Asker: 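Here it is, the structure, as structure tokens.
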2 protein chains.
Amino acid sequence: MVTDTPKRQVTLDEVAERAGVSRSAASRVINNAPHVSRAKREAVLRAVDDLGYVPNATARALATQQVGAVVLAMSGEDPAMFADPFFAEVVVGISSVLEETDLELVLSLATSTRGQARLEQLLRTHQADGVMLMSLHGDDPLATLANKSSVPVVFGGRPLTFEPRYYVDADNRGGARAATEHLVATGRRRIATITGRLDEGAGMARLQGFQDALAVAGQDGGRVAHGDFSEDGGSRAMDELLERYPDLDGVFIASDQMAIGALRALGKSGRSVPGEVGIVGFNDIATARHTAPPLTTVSQPINSLGREMARMLLDLMAGNDPSPLILPTRLVIRESA
Amino acid sequence: MVTDTPKRQVTLDEVAERAGVSRSAASRVINNAPHVSRAKREAVLRAVDDLGYVPNATARALATQQVGAVVLAMSGEDPAMFADPFFAEVVVGISSVLEETDLELVLSLATSTRGQARLEQLLRTHQADGVMLMSLHGDDPLATLANKSSVPVVFGGRPLTFEPRYYVDADNRGGARAATEHLVATGRRRIATITGRLDEGAGMARLQGFQDALAVAGQDGGRVAHGDFSEDGGSRAMDELLERYPDLDGVFIASDQMAIGALRALGKSGRSVPGEVGIVGFNDIATARHTAPPLTTVSQPINSLGREMARMLLDLMAGNDPSPLILPTRLVIRESA
DNA sequence: CTGAAAGCGCTAACAA
DNA sequence: TTGTTAGCGCTTTCAG
């Protein structure tokens, strides 16, 4: 027979009474603070056990002014974007470090204005002990808000408009440079790029990396078409590129999704990959291994990104002053370039 | 100039004082309860505005005994499994309905024993007003625990060991049946299956659907190999199938990931798809459109699954008694069968 | 319609 | 090492 969970909550007072000690003594035991005699400590523990006492987190939060939760907030107009496996992986990373603590993870996908307002409120009302902010677009008001918030905030990725004090980012620029250098090294001479959204830090950084590499190689970095990270966007951008630069022989594409779209467009135009044009993507999504041909791409340490964000936040909450982090990316060479 | 967020929290008392009313009156206004004169109401609202008052959620929670949060818990031994886009999509669905309410979403990935313990505690201590539970394996102790929990619980998918009172599930059995019927209808006569984990409801249901279809068609439903939903598992299972039934001409595979592995194994063995053997997968993951050949598969309404789980939970929390839901699946015919 | 007062369950000075 | 005493900020009877 399992002890049935009692309907009403067992309070600390009841435990104290049962154990024959004061409430504060009981409290000390629960939080294993010092200044409790061994005898009393054991009595309390026994009472806890008998009664099935479990501390009330809310009451504790009210008393300590600490919520016991951190929030991961992502803003953006399109709810569907969160379905990106990228986020799932980040969450797994974060979760794995939080699991070692007593903090809960609350997820806030702020898409609608309503959602944004809630997030804003969350930041103002100390409903969380810390905040992780991801994927801020353009001049997201959230960024400013977060900055003047009194709770610790760490950014995942860097917004365009300012450099946050605390952030962890992937080396997008370096990854893009490596990707482009690979194109150069394999003999491509008329290289173009399809960018991501340029109102996002990652989109811009990848464009810069592309240009860095071509500048160093002494090649023309002017062949650029704008995409939006989506498959269709990639396809459209590729069409545009093909029309403007029919003789291009290499393309660095700022996301694998776009690269998949581009592959389609390339196929329609009758170009062979990697024969006539080599392409390299970014992100190393699962599908990248199954396209035809398999995609050469840049892999990000997504899980680590989440992990490090969480660690940094914890550090911050502990009163330390951690340094920002930039995580290395890695070129994964497959067959498309 | 933006009003600076004051460091200390503005309390209701301060608002009341500023507005020249009692605290209870102020409280009523905030929660727009009746019995407040128009004049007072406006005075309070003005004070709120002037002071930048925002209610303290924790205090409110303590007073009302309502946390203002629901948790989405997923248990399972492998942290990586949460990286599955499936979960991301479910979360998006849930989030979209929660956004209309004032509830926060806390995410609990209980992988380690530590994590499980925390979840357990969460359930016992009323740290949430409701719980959504997903992907329970075998005889997960969580299931029992959740069942005798005093907070409303809705299941995503059905565990094997018992039929929960409240759940929303996809029609796995029906989907598998449709998939298999398609194989039959396209002339396959020696059809096998690769199952998922059979200690999961979905895995078992898909096997049953397979058998249903073959029984109706009067064919042999005995060609089965066991997989674990993973790509490698699918590949291994396909090898096994090929060895045992070299003449098979169709395979229903309980997940696209496994189907991808199977495709690889089939290629190695020199079989053509769909020429010599037709295959159909399950889930319609993004990659399914890009395999060679593109995968015929069963699509689940994942977003709706999340959505309906949230709705059902809300309903439950409102004191109603909703009926379980089974969401239809849909066969997506591409080129692999 | 209005306000006083009694909690919600826990923590943390402070005094003993 | 102990226990007493105030709170934390909000809600909610219950009289008026």
Side-chain angles (χ1 to χ4, degrees), chain A residues 6-45 47-48 51-69 102 121 124-129 150, chain B residues 6-45 47-48 51-69 102 121 124-129 150:
Chain A
K7 224 47 187 173
R8 220 183 59 67
Q9 155 126 35
V10 178
T11 72
L12 226 202
D13 297 74
E14 285 161 21
V15 171
E17 170 160 83
R18 167 76 162 242
V21 305
S22 71
R23 175 154 31 86
S24 34
S27 172
R28 285 181 189 116
V29 172
I30 300 297
N31 302 298
N32 44 59
H35 306 307
V36 186
S37 71
R38 200 190 148 87
K40 279 204 199 303
R41 167 157 271 132
E42 280 169 358
V44 171
L45 258 19
V48 163
L51 269 35
Y53 168 76
V54 191
N56 177 316
T58 305
R60 179 177 290 178
L62 183 57
T64 58
Q65 303 284 60
Q66 298 212 335
V67 183
D102 278 308
Q121 168 150 330
R124 310 240 315 277
T125 69
H126 257 279
Q127 281 196 60
D129 300 321
S150 52
Chain B
K7 224 50 185 171
R8 221 183 58 66
Q9 155 127 35
V10 178
T11 72
L12 225 203
D13 298 75
E14 285 160 21
V15 170
E17 171 160 84
R18 167 77 161 241
V21 304
S22 70
R23 175 152 32 85
S24 31
S27 173
R28 286 181 188 114
V29 173
I30 300 296
N31 303 299
N32 46 60
H35 305 309
V36 184
S37 70
R38 200 190 148 86
K40 279 202 198 303
R41 169 157 270 131
E42 280 169 357
V44 171
L45 258 19
V48 163
L51 268 35
Y53 169 76
V54 190
N56 177 316
T58 306
R60 178 178 290 177
L62 183 57
T64 58
Q65 303 286 61
Q66 298 212 337
V67 184
D102 278 307
Q121 168 149 330
R124 309 236 316 279
T125 68
H126 256 281
Q127 281 197 59
D129 302 319
S150 52

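Quick caveat: nothing in here was measured; it's all calculated off a predicted structure. Chain naming here is simple, since letters A, B, ... match the order of the sequence lines and numbering starts at 1 in each. Quick note: numbers below take in every heavy atom, side chains included, and nothing from hydrogens, waters or symmetry partners.
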Asker: Look at the side chain of B:Asn32 and the backbone N and O of B:Arg28, then say whether any donor-acceptor pair between them is shorter than 3.5 Å.
Answerer: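 Side chain of B:Asn32 to backbone of B:Arg28, a donor-acceptor pair under 3.5 Å: no, none is there.
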Asker: List the atom of A:Val36, the atom of A:Ala25, and the distance in Å for their closest heavy-atom pair.
Answerer: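 Reported closest heavy-atom pair: CG2-O, 4.4 Å.
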Asker: Taking CD from A:Gln127 and C1' from D:dG9, how many angstroms apart are they, rounded to a whole number?
Answerer: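 Going from CD in A:Gln127 over to C1' in D:dG9 covers 13 Å.
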Asker: Considering only C:dT11, D:dT4, D:dT2, which nucleotide approaches the side chain of A:Ser24 most closely?
Answerer: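 My answer, after comparing the listed nucleotides, is D:dT4.
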Asker: Verify, without hydrogens or angle tests, whether B:Asp129 (side chain) and B:Gly68 (backbone) share a donor-acceptor contact under 3.5 angstrom.
Answerer: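 Pair found, side chain donor or acceptor close to backbone of B:Gly68.
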Asker: For the residue pair B:Ala47 and B:Val15, what are the closest heavy atoms and their distance?
Answerer: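 Taking B:Ala47 first and B:Val15 second, the nearest heavy atoms are CB-O, 3.7 Å.
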Asker: Nearest to the A:Asn31 side chain among C:dC1, D:dC10, C:dT11, which nucleotide is it?
Answerer: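 From the listed options, C:dT11 comes nearest.
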Asker: How many Å lie between CZ on B:Arg38 and C1' on C:dT2, as a whole number?
Answerer: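 These atoms are roughly 19 Å apart.
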Asker: Which heavy atom of B:Ala61 sits nearest to which heavy atom of A:Thr58, and what is that distance?
Answerer: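 Looking at all heavy atoms of both residues, the closest pair is CB-CG2, 3.6 Å.
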Asker: If every non-hydrogen atom of A:Ala128 is compared with every non-hydrogen atom of A:Val67, which pair is closest and at what distance?
Answerer: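 Smallest heavy-atom distance, with atoms named: N-CG2, 3.8 Å.
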Asker: Whole angstrom is fine here: how far is it from CZ in B:Arg23 over to C1' in D:dG9?
Answerer: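 In whole Å, D:dG9 C1' and B:Arg23 CZ are 8 Å from each other.
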Asker: Counting distance only, does the side-chain N/O of A:Thr64 pair as donor-acceptor with the main-chain N or O of A:Arg60 below 3.5 Å?
Answerer: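 Yes; at least one donor-acceptor contact below 3.5 Å.
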Asker: Separation of B:Ile30 atom CD1 from D:dT11 atom P, in whole Å?
Answerer: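 Rounded to the whole Å, the gap is 8 Å.
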Asker: If you assign each of A:Leu12 and B:Ser37 to its closest nucleotide in DNA chain C, which residue comes earlier from the 5' end?
Answerer: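 Per heavy-atom nearest nucleotide, the more 5' residue is B:Ser37.
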Asker: Round to the nearest Å and state the distance from B:Asn32 atom CG to D:dC10 atom C1'.
Answerer: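 Nearest whole value for this atom pair: 16 Å.
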Asker: Do B:Arg28 and C:dG3 share a donor-acceptor pair, side chain to base, under 3.5 Å?
Answerer: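 Per atom types, the contact qualifies.
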Asker: Does a nitrogen or oxygen in the side chain of A:Ser27 sit under 4.0 Å from OP1 or OP2 of C:dT11?
Answerer: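 It does, given that an N or O in the side chain of A:Ser27 lies less than 4.0 Å from OP1 or OP2 of C:dT11.
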Asker: Distance check needed: C:dT11 C1' versus A:His35 NE2, whole Å only.
Answerer: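 These atoms are roughly 15 Å apart.
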Asker: Under 4.0 Å, heavy atom to any atom of DNA chain C: which of residues 53-69 of chain B qualify?
Answerer: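 The stretch gives B:Leu62, B:Ala63, B:Gln65 as the residues lying under 4.0 Å from the strand, ordered by number.
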